[in-house]
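Index from 1, following the sequence. If you're wondering where the values come from, they're calculated on a predicted model, not measured in any experiment.
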Amino acid sequence: MDAELVKTLLHFVVGGFLVFLAITVVRDNFGSRLNRATGGVLFFAGLGPLAVAIDSIMQQPAPGTGGSAMYNLYHMWELFFPTLVVFSWYFPVDRLREFRHPRFRYFVFIPQVIHLILVLFFFDIDRLLVTVSASEAQGGFSGALMRPFAYVLQIMLLLIGYIISNQAAIFGSINLLYVAVAVYFLESGRRLQTNPRLVPQTEAMVWAVRLGIGLYVAGLLGSLLAASTVTEEVREAIFLAAALVGTVFVVYAIVRHQFLDVRLVFRQSLIYTVTSAALVGLYIVIGVRVTEFTRPLFGERAEIVGYILIILMLLLFQPISNWIDGAIRSMFMRTRSDHRNIIERFSRDIISVFDPTELRRKIEDTMKTAMLVEKVFFVLYDDEIGEYAILPSDDYARRTIVRRDDMMLRGINLLDRPTSYASLADYGEGSSLADTLTELRVKLILPMKDTEHLLGFLALTAKVAGYRYSPEDYNLLGVLSNQMVSALTNARLYVDSLERIRLQEEVTMARQIQLDLLPSQPPSLPCSVICAVSEPSRTVGGDFYDFIQIDGRSRVGIVIADASGKGMPAALLIAQIQAIIHSEVNNGNSIAAMLRNMNKQIALSTSSEKYVTLFYGELDRETGEFEYANAGHNYPILVRSNGDIELLEIGGPVIGAFPFMEYQSTRVGLSPGDVMFFFTDGLSEAMNEMGQEYGEQRIRDFVRSNRHLEPDDLMKGILDDVRAFDPSTPPQDDTTIITLKMTTRGAVLDERQVQDIR
């Protein structure tokens, strides 16, 4: 292939692609100054190679040697240098944001505009001089009129001619100065850039400028300082290489590092264009040269073989194109900025995260690194306080409660998709939430709703470097929002399950503590047989019983109690009761004093709704005397051997209701065959399906009828009878029974002794 044709094609392809890239960048976001500046740089950079290619086609003189006005349009590409300076003022740090007179930036175009005017209108300076001389030489009125100005015009034209003759050195030096200024601002801005998401694209763009401009400067200096060595062809080759290298790095920054936040569809079309153009170019070269390649092998049949190869290549064109496109996409597009990749990674990351804090961190990281959001604020419903709250994060130090009736919150509750915060201005009046969001410079609201409720929302500020939210971003955020709702719901359920497990463990521990408080077995007494059973309706019940061996005396204490409530509070209250009883017994206090002291401590240390019904009695193993006091408990039943029933009801009010109460105690004498039956209200208040209670009278009748039974048989029998009456499982209330049956005779107190004790 002819070398001149190859050069022309290369210039045309490189220049055309730069112009195409410039149009793509500007079209993607025309409102962005950075996009416009970048597009300008790419456009003017592409004009250079295009002008060379067009000039080559039109067979015009080489650039820089003078020629037609059409050819001298080639110099328009020098507007690249002031545009590059403007670009360096925007990227990577916007230095003009606070500049009071940003329009002054256009002054940097003046030298190149002057140069363009000179080469367009004064490229044939000799002809202009001749024209001026001819006008001066004319006679008549016009000649006389022109004569005073002809000398000045000639001097000016000579000066212009001198400038044009040395334009390469003069404007080349100015261009070098512009390059130095642009490099300075780019390098200093690169050092100021700390955003981890912008650093890679900044580095790529700075390298594009370094290599592209570096090659251009090398070629320009070479042509100025060593014109004999650096020929015009070499200089053009260097400039073409500069444009090609710069283009590659710009494309790399856009596709790989999402420079300018160019939309995904444009980046994908960019890849498709590049791969298709490269493949088509390769096919054209092979198609043109195929006969030449095959002739040494196939001789005169090379032409037929060439046709076969071309047909085969056409058949394989689409598969090869798809393979190259897919390979390049996998290399460059499946990055953190690829929307499909974002969704896949986000779903994969959060599916196994149940810690709300870790989940919020991953969401925030995705927003900042993949979508280039500058700041993310979480406003979520707090189950503990029943209100929405702005949660603390790296961008928001404090926790702010949002009132349920806040107008802005009501407005957000109506949303079902990502919405611009500015569109919610009607809900901002009198809203403290709106004041806070405005102060935080929020730009976008991302609601998170399940089928019925607003779980909360994300408040997003502007994207870094001022990028706007594109329609693709809105669609992506909508998809991510649904995934966040699922993840947050799962996290809440997981936290609830952990809380239930924790509570279950605490209940199990409390149950174990309560079981440890109960005696392992009833005491073995020479005068009686004692049996006891306690069945909680829950894991931890409120019933309690105990047998206390009283040191130094022939007595054994019997306690049965029922605390108000259930679960841990009741278990803790029972533990407190047991400790007080043991302390009072060890101190040798009387039963009445013991209950008085116990009541005072419980009443003063707990709330009034926490109380205990308690029965305490002491059995003298030698005399058979039983002294007791009943603090609001179900009356224990004393069934004499002859069937007479007595109720042990002397005592006082329940323990813990009122702090300063007095209690009475009394004594009863027990004889062989007498049965004492202690129980809690879980037995008497057992209720059948008809709403009828088992009742204390039925208990008395059962005990009296079965008083001849052994205590354990008596207890088992009444439990079976109650369960037949109320088969609910577990029982509706805790049930505790103690049965004591005298086996030997003890002393029986007369009426006078009983009254003395009272």
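Using modelled atom types, no side-chain atom of Asp721 and backbone atom of Gly717 make a donor-acceptor pair closer than 3.5 Å. The backbone N or O of Asn599 lies less than 3.5 Å from no partner atom in the side chain of Tyr663, so there is not a single donor-acceptor pair. In this structure a side-chain-to-backbone donor-acceptor pair under 3.5 Å is present from Arg707 to Arg704. Although no hydrogens or angles enter the test, the distance criterion places a donor-acceptor pair under 3.5 Å between the side chain of Asp674 and the main chain of Ser641. Formation of a donor-acceptor pair under 3.5 Å by the Ser564 side chain with backbone atoms of Tyr611 is found in this model. Judged purely by atom type and a 3.5 angstrom limit, Tyr421 uses its side chain to pair as donor or acceptor with the backbone of Ala434. In this structure, the side chain of Asp450 engages the main chain of His453 through a donor-acceptor pair within 3.5 Å. Between the Asn688 side chain and the Met690 main chain, a donor and an acceptor come within less than 3.5 Å of each other. Judged purely by atom type and a 3.5 angstrom limit, Lys741 uses its side chain to pair as donor or acceptor with the backbone of His708. A donor-acceptor pair is defined here as one N or O able to donate and one able to accept, closer than 3.5 Å; such a pair exists between the side chain of Arg404 and the backbone of Gly386.
Looking only at atom types and distance, the side chain of Gln697 has a donor-acceptor partner in the side chain of Asp701 under 3.5 Å away. Counted by atom type alone, Asp543 and Thr680 present one or more donor-acceptor pairs between their side chains at under 3.5 Å. Defined by atom type and a distance below 3.5 Å, a donor-acceptor pair is present between the side-chain atoms of Ser431 and Asp406.
In this structure, Tyr427 OH and Met408 CE are separated by 9.0 Å, a value rounded to the nearest 0.5 Å. With values rounded to the nearest 0.5 angstrom, Cys527 atom SG is found 9.5 Å from Glu622 atom CD. Expressed to the nearest 0.5 Å, how far OG of Ser665 lies from CG of Leu595 amounts to 8.5 Å. With rounding to the nearest 0.5 angstrom, the NZ atom of Lys375 is 7.0 Å from the OG1 atom of Thr461. The CD1 atom of Ile548 sits 4.0 Å away from atom NE2 of His582, with the distance rounded to the nearest 0.5 Å. To the nearest 0.5 angstrom, Ile650 atom CD1 is 8.5 Å from Tyr635 atom OH.
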(request) Carefully, step by step, assess Leu433 and Tyr388 under the rule side chain to side chain contact (heavy atoms under 4.5 Å, CB included). (result) CA-CA 11 Å; Leu433 175 60; Tyr388 293 88; over 6 Å; no

(message) For a side chain to side chain contact (heavy atoms under 4.5 Å, CB included) check, start with the C-alpha distance between Phe679 and Val703, then their side-chain angles and the critical distance, and finish with the verdict.
(response) CA-CA 12 Å; Phe679 62 96; Val703 174; over 6 Å; no

(request) Apply side chain to side chain contact (heavy atoms under 4.5 Å, CB included) to the pair Leu503 and Arg500, showing each step before the final yes or no. (result) CA-CA 5 Å; Leu503 291 176; Arg500 286 196 296 271; 5.6 Å; no

(request) Apply side chain to side chain contact (heavy atoms under 4.5 Å, CB included) to the pair Thr735 and Arg723, showing each step before the final yes or no. (result) CA-CA 11 Å; Thr735 302; Arg723 297 300 169 239; 3.6 Å; yes

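Comment: Arg360 does not engage Glu364 in a salt bridge, judged by the lack of any side-chain N to carboxylate O separation of less than 4.0 angstrom. Contact check on Glu505 versus Arg502 returns no salt bridge, with no Lys/Arg side-chain nitrogen under 4.0 Å from an Asp/Glu carboxylate oxygen. Electrostatic pairing of Arg596 and Glu662 counts as a salt bridge here, judged by a charged N lying under 4.0 Å from a carboxylate O. In summary, Lys716 and Asp720 engage in a salt bridge, as defined by a charged side-chain N under 4.0 Å from a carboxylate O. Ion pairing of Arg555 with Glu625 is present here, as a side-chain N (NZ or NE/NH1/NH2) and a carboxylate O approach within less than 4.0 Å.
Side-chain contact check for Asp405 versus Arg410: some heavy-atom pair is nearer than 4.5 Å. Taking 4.5 Å as the limit, some side-chain heavy atom of Leu454 sits within range of a side-chain heavy atom of Leu409. Counting heavy atoms from C-beta outward, Val585 and Tyr616 have side chains that approach closer than 4.5 Å. Annotation: side chain of Leu488 is in contact with side chain of Leu380 (closest heavy-atom distance under 4.5 Å). With contacts defined as side-chain heavy-atom distances shorter than 4.5 Å, the pair Gln576/Ser605 qualifies. In this structure the side chain of Ile699 never reaches within 4.5 angstrom of the side chain of Asn634, judged on heavy atoms. Contact check for Phe378 versus Ile363: side-chain heavy atoms found under the 4.5 Å cut-off. Residues Leu455 and Met484 fail the side-chain proximity criterion, which asks for heavy atoms closer than 4.5 Å.
Between Phe615 and Phe626, the angle of the ring planes stays under 30°, which puts this pair in the parallel group of the 30/60° scheme. Using cut-offs of 30° and 60° on the angle between ring planes, the pair Phe547 and Tyr545 is perpendicular.
Evaluated for a side chain to side chain contact (heavy atoms under 4.5 Å, CB included) with Phe677, the options Leu683, Val639, Ile645, Ile738 yield exactly one hit, Leu683. When the options Leu638, Ile637, Asn630, Thr666 are evaluated for a side chain to side chain contact (heavy atoms under 4.5 Å, CB included) with Leu648, the one that passes is Leu638. Checked against Val533 for a side chain to side chain contact (heavy atoms under 4.5 Å, CB included), the options Thr736, Asp712, Leu719 give a single hit: Leu719.
With a 6.0 Å radius and a threshold of 12 heavy atoms from other residues, nucleotides or ligands, Lys600 has its NZ atom at or below the threshold. The number of heavy atoms from other shown groups lying within 6.0 Å of NZ (Lys362) is above 12.
When all heavy atoms are compared, the tightest approach of Ala459 to Leu437 is CB-CD2, 4.0 Å. The two residues Asn589 and Met594 make their nearest non-hydrogen contact at CB-N, 4.4 Å. The two residues Met598 and Ile581 make their nearest non-hydrogen contact at CE-CG1, 3.0 Å. The nearest pair of heavy atoms linking Arg640 to Leu670 is NH1-CA, 3.9 Å.
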